[in-house]
Amino acid sequence: MTLKRLVLIFVLTPIAVLLAVSSLFSSWQQPQFQSRLELYQTNIALQAQAWQSEDRSDDNLQGIREAILGEQPLESATKQYQEARQSVQTNLDKVNNKLTQLRSQPEITPIPPKPLPDVPPTTKTSKQGQQQLEQSFKQLQKLLAELDLRLGILQAQQGQTDTALKTWSELQQRSDINPEFGETAAVLSGLWSNPPRLLQNSQERIQKNLEGWFRSTALVQLYQLQQRQDALLAVKAAQQESAAQAVLKLAVIGTIPTLAALSGLILLIFLFAQRLLKGKASLLAQNADIPWSTPWDGETILQVFVVGFFFMGQIFVPLALSLLPIPRPVSDVRLQAFSVLVSYLLVASGALLVLYFSLKRFFPLPEFWFRFRFQDKWFLWGLGGYCAALPIVVVVSLINQQLWQGQGGSNPLLQLALESQDGIALGIFFSTAAIAAPFFEEILFRGFLLPSLTRYLPVWGSILISSLLFAIAHLSLSEILPLTALGIVLGVVYTRSRNLLAPMLLHSLWNSGTLLSLFVLGSN
């Protein structure tokens, strides 16, 4: 056995596995992005429920409203906020416990960053880790206070005034929050007390610490008590305008994916029926059992993924970027987006170079390797695969949420995209997620890994293992099941079409749909 093989198998590979496992376990106590996303959608639904059509007797319009918002939007929103509050409180307790442990220990094991596309990774020292935890602790405290302010308004609007007053009273008694939140809670308590109490700077506190439907609801209560008819009419008019926009947003983010998922469900039923009736002549059976001719062995596979993918993404590129004289942390969203794109391109370029030099001695490659054919039916395979993936991943995600209960981590890029309303930044995020990521990841996971595994496994086994590794590579426990399901659809599309353009299109459509939903939700 050569020295190169020894180092690769017994040194580099165990290091990569240990660090990946460590990062996966570190994501266990991190909140899922899905929880924050649900709150954004809940806030838009609350705005939309105030919408009234000009013709209130039009049953069709009212039926559309109920179909989009549900029969009891306030009750549903209250449940969402109560669940979110419980999750934040749990995370707050966990962070507090970790801080207590960290303060009693001089050193901690560094946690590797997640693979790109993601927030640019950094190496964490013990002191930096403690500072980050302290910052997370403060952010969670702030979020908990914001949730309590909003939850009280929801309770008050449902006639649960005593419960709302208790929620705000408990918030005022907490000494670990910004005094502004306590003052805002006092303002809200005064507005809904019997008799009401109008405190000084009530309007200023409401406008500063509340948003959307919660702000307009509190202002309506304030202006009614102050008998300011002009201000009351103005805020109600603004509320109606926001409500109409919110209904449109909910229709966009709900209708399009629903129609695509319904089309995908019909397509899946058709394909499985065809498979039962036609057997090996069906589309699902096309190329299903034909492996690739693979001239390299497992050592080459390890070399590409351990050196090209893991070490390039986790060590070489982050180390090179850390040496650049760039102020950190980066606060400008455009610079953050550009940094993510540059980091990802560097990682992708490095990994593809490793892939090229690893396979160079096997040129020319056998048939069907890294195949791009624009005259083929790749567009139909990619679009059909996207529609078919939607119902599958949605069902798996629902099961996954029950398993993880809001924990398990998520890609921070999603949070950046959600909160950024800068057109240039969003364009850069789109370039990263919808163009660069599908091109690089499909070449690596479907173009190289999946066919390479057919040397040792049947095609279906290669699809399953490559999909699982594709999911694990994102280093978030909560994303493993949904991404594995998506990877299986990508693998089926590629093995049947034998054209990399098909899974690239599917991957791009998936990421584009996610970014579109985030943009619409974040514009609230």
SB check R174 D148 (cutoff 4.0 Å):
yes

Does some side-chain heavy atom of S478 sit less than 4.5 Å from a side-chain heavy atom of N400?
yes

Residues, nucleotides or ligands: over 12 heavy atoms within 6.0 Å of E299 CD
yes

Stepwise side-chain contact (heavy atoms from CB on, under 4.5 Å) test for V304 and L444
CA-CA 9 Å; V304 170; L444 204 62; 3.9 Å; yes

For L449, does its backbone N or O pair with a side-chain atom of S466 as donor and acceptor, under 3.5 Å?
no

Least distance between heavy atoms, P438 atom then A433 atom
CD-O, 3.2 Å

pair Y344-S339: side-chain heavy atoms closer than 4.5 Å:
no

One pair to check against side-chain contact (heavy atoms from CB on, under 4.5 Å): I290 and V459. What are the steps and the verdict?
CA-CA 7 Å; I290 304 175; V459 173; 5.8 Å; no

If I take atom CZ from residue F311 and atom CD1 from residue I15, how far apart are they, to the nearest 0.5 angstrom?
5.0 Å

Nearest-0.5 Å distance that lies between atom CD in E83 and atom OG1 in T42:
9.5 Å

Minimal non-hydrogen separation, R373 against N499, with atom names:
O-ND2, 2.7 Å

Using the test ring pair (Phe, Tyr, Trp, His ring centres under 6.0 Å), find all partners of Y386 that sit at least two apart in sequence or belong to another chain.
none

Would you confirm whether T454, through its side chain, and P451, through its main-chain N or O, come within 3.5 Å as a donor-acceptor pair?
yes

Is it true that the NZ or CZ of R446 lies under 6.0 Å from the centre of F370's six-membered ring and within 45 degrees of the ring axis?
no

Is there a side-chain contact between S462 and Y456, using heavy atoms and a 4.5 Å cut-off?
no

List the steps and the verdict of side-chain contact (heavy atoms from CB on, under 4.5 Å) for N511 and F430.
CA-CA 8 Å; N511 287 357; F430 180 85; over 6 Å; no

Below 6.0 angstrom between ring centroids: does that apply to F445 and F305?
yes

For N178 and K142, run side-chain contact (heavy atoms from CB on, under 4.5 Å): C-alpha distance rounded to whole Å, both residues' side-chain angles, the deciding distance at 0.1 Å, then the answer.
CA-CA 8 Å; N178 188 314; K142 178 183 177 183; over 6 Å; no

Ring pair (Phe, Tyr, Trp, His ring centres under 6.0 Å) between F368 and W292, intermediate numbers included
CA-CA 7 Å; F368 297 125; W292 277 256; 7.5 Å; no

S508 side chain to A434 main-chain N or O, any donor-acceptor pair under 3.5 Å?
yes

Is it the case that the side chain of W296 and the backbone of S358 share a donor-acceptor pair, with hydrogens and angles ignored and the cut-off at 3.5 Å?
no

Under 3.5 Å, is there a donor-acceptor pair between the side chain of S22 and the main chain of L18?
no

Once rounded to the nearest 0.5 Å, what's the spacing between atom CZ of F309 and atom CG of L469?
10.0 Å

Taking the side chain as C-beta and beyond, is there a heavy-atom pair between L321 and S343 under 4.5 Å?
yes

Please find the pair of heavy atoms, one from P503 and one from L490, that lie closest to each other, and give the distance.
O-CD2, 3.4 Å

Which value, rounded to the nearest 0.5 Å, describes the distance between F429 atom CZ and R334 atom CZ?
12.0 Å

Any heavy-atom pair between the side chains of F439 and M504 that's under 4.5 Å?
yes

Closest contact, heavy atoms only, L475 versus A20:
CD2-O, 3.9 Å

Mark yes when over 12 heavy atoms from residues, nucleotides or ligands other than F363 sit less than 6.0 Å from its CZ; otherwise mark no.
yes

Do H474 and E479 have side-chain atoms, one donor and one acceptor, less than 3.5 Å apart?
no

Would you check if the side chain of N287 reaches a backbone N or O of R496 as a donor-acceptor pair within less than 3.5 Å?
yes

Tell me whether W460 at atom CH2 has more than 12 heavy atoms from other residues, nucleotides or ligands lying less than 6.0 Å away.
no

Look up atom CD in E146 and atom CG in L171, then write down how far apart they are to the nearest 0.5 Å.
10.5 Å

Ignoring hydrogens, what is the shortest heavy-atom contact between V306 and A16? Give both atom names and the distance.
CG1-CB, 4.3 Å

Side chains of N43 and Y81: any donor to acceptor distance under 3.5 Å?
yes

Could you tell me if the side chain of I443 sits less than 4.5 Å from the side chain of F448, heavy atoms only?
no

Validation row: L283, L271 side chains within 4.5 angstrom (heavy atoms):
yes

Looking at L509 and G382, what are the two nearest heavy atoms and their distance?
CD1-O, 4.3 Å

When rounded to the nearest 0.5 angstrom, what is the spacing between CG in L284 and CG in L268?
8.5 Å

Note, V88 side chain near R85 side chain (heavy atom, < 4.5 Å)
no

